[in-house]
Amino acid sequence: QVQLVESGGGSVQAGGSLRLSCDASGFYYCMGWFRQAREKEREGVALICSRGNTRYGDSVKGRFAISKDNDKATVYLQMNSLKPEDTAMYYCATGGRALEDNFFYRFVTAWGQGTQVTVSS
């Protein structure tokens with residue numbers, strides 16, 4: 001059974017930075033991050049797949065960076081220049097080629113429990 005454990009969430013002021021980590025129980029074709037703000041649909045934040053290719057949500061391009069440690073089956077999300085609109089629950093996620101082709105929550109095969117990120121103005 002897939003286990004994804006997130007860490008690194010918290011509260012920060014606008015303009016600040018946070019780094020999220022996700023430790024996986026195994027190795028997966030794609031791993032990434034989605035987020036869900038109150039009363040909004042879950043959206044893709046960043047994704048990295050086995051070939052090293054990455055995808056980002058439009059709202060975070062240039063500010064967030066995803067990376068992975070293959071030896072540890074760990075994925076990181078470095079979040080810089082944070083904005084109040086980045087406030088959300090952030091979920092680690094895994095998936096296969098379908099997720100690689102369609103960066104959409106319906107193609108995720110496993111979810112972590114989530115970690116809260118709050119950005120104050």
Side-chain angles (χ1 to χ4, degrees):
Q1 187 171 353
V2 177
Q3 286 190 325
L4 303 172
V5 179
E6 302 105 330
S7 61
S11 297
V12 66
Q13 288 191 326
S17 298
L18 284 173
R19 188 192 196 205
L20 305 183
S21 298
C22 175
D23 294 316
S25 57
F27 293 89
Y28 304 96
Y29 189 77
C30 293
M31 288 184 66
W33 297 89
F34 285 73
R35 68 185 182 187
Q36 188 164 19
R38 187 180 300 178
E39 298 181 354
K40 291 191 175 181
E41 189 174 73
R42 195 166 293 192
E43 65 173 349
V45 177
L47 185 72
I48 188 165
C49 297
S50 293
R51 293 180 290 124
N53 49 315
T54 58
R55 293 186 69 168
Y56 292 93
D58 289 341
S59 62
V60 307
K61 286 179 181 177
R63 300 188 297 122
F64 291 11
I66 190 168
S67 60
K68 61 179 179 175
D69 184 331
N70 290 325
D71 293 336
K72 296 181 180 180
T74 299
V75 170
Y76 305 98
L77 183 67
Q78 179 66 42
M79 304 186 294
N80 299 323
S81 302
L82 282 161
K83 305 175 181 180
E85 51 264 43
D86 293 318
T87 295
M89 185 71 79
Y90 283 69
Y91 297 92
C92 184
T94 63
R97 292 184 184 272
L99 182 61
E100 182 181 33
D101 294 338
N102 305 276
F103 190 26
F104 189 56
Y105 69 89
R106 291 181 182 173
F107 295 91
V108 169
T109 56
W111 295 99
Q113 291 188 324
T115 184
Q116 178 68 36
V117 171
T118 302
V119 184
S120 58
S121 57

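Computed from a predicted model, the values in this text were never measured in an experiment.
- A distance-only check finds a donor-acceptor pair linking the side chain of Y56 to the backbone of I66 [under 3.5 Å].
- Taking each heavy atom of F27 and N70 in turn, the nearest pair found is CE2-O, 2.6 Å.
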Using atom types as modelled, flag every donor-acceptor pair under 3.5 Å from a side chain in residues 8-19 to any protein atom, sequence neighbours excluded.
residue	atom	partner	partner atom	Å
S17	OG	N80	OD1	2.9

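- Atom CD of residue Q78 and atom CG of residue L20 lie 9.0 Å apart, to the nearest 0.5 angstrom.
- Looking at R55, its side chain never comes within 3.5 Å of a backbone N or O of L47 through a donor-acceptor pair.
- Using a 4.5 Å cut-off between side-chain heavy atoms of Ile, Leu, Val, Met, Phe, Trp and Tyr, with links allowed through other members, W33 and I48 fall into the same hydrophobic cluster.
- By the side-chain contact (heavy atoms from CB on, under 4.5 Å) test, S50 pairs with Y29, sequence neighbours left out.
- A side-chain donor-acceptor contact under 3.5 Å links T109 to the backbone of T94.
- The six-membered or imidazole ring of W111 lies away from that of Y105, with a centre-to-centre distance of 6.0 Å or more.
- Residues Y76 and T74 meet the side-chain proximity criterion, which asks for heavy atoms closer than 4.5 Å.
- Q3 places no side-chain N or O within 3.5 Å of a backbone atom of S25 that could act as its donor or acceptor partner.
- A 4.5 Å side-chain heavy-atom check between M31 and L4 finds at least one atom pair inside the cut-off.
- Heavy-atom minimum distance, A37 versus A88: N-CB, 3.8 Å.
- Just one residue in the list F103, Y91, F104 forms a ring pair (Phe, Tyr, Trp, His ring centres under 6.0 Å) with F34, and that residue is F103.
- With a 6.0 Å radius and a threshold of 12 heavy atoms from other residues, nucleotides or ligands, E85 has its CD atom above the threshold.
- S7 contributes atom OG, which lies 6.0 Å from atom CG of D23 (distance to the nearest 0.5 angstrom).
- If you take CD on Q116 and OG1 on T87, they are separated by 7.0 Å, rounding to the nearest 0.5 Å.
- S121 approaches P84 most closely through the heavy-atom pair CB-CG, 3.9 Å.
- K68 places no side-chain N or O within 3.5 Å of a backbone atom of G32 that could act as its donor or acceptor partner.
- A heavy-atom distance below 4.5 Å is found between the side chains of V60 and R35.
- Side-chain contact between N53 and E100: present, with at least one pair of heavy atoms (C-beta onward) separated by less than 4.5 Å.
- In this structure, D86 CG and T118 OG1 are separated by 11.0 Å, a value rounded to the nearest 0.5 Å.
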(message) Pair R42, V108 - check side-chain contact (heavy atoms from CB on, under 4.5 Å), show working.
(response) CA-CA 11 Å; R42 195 166 293 192; V108 169; over 6 Å; no

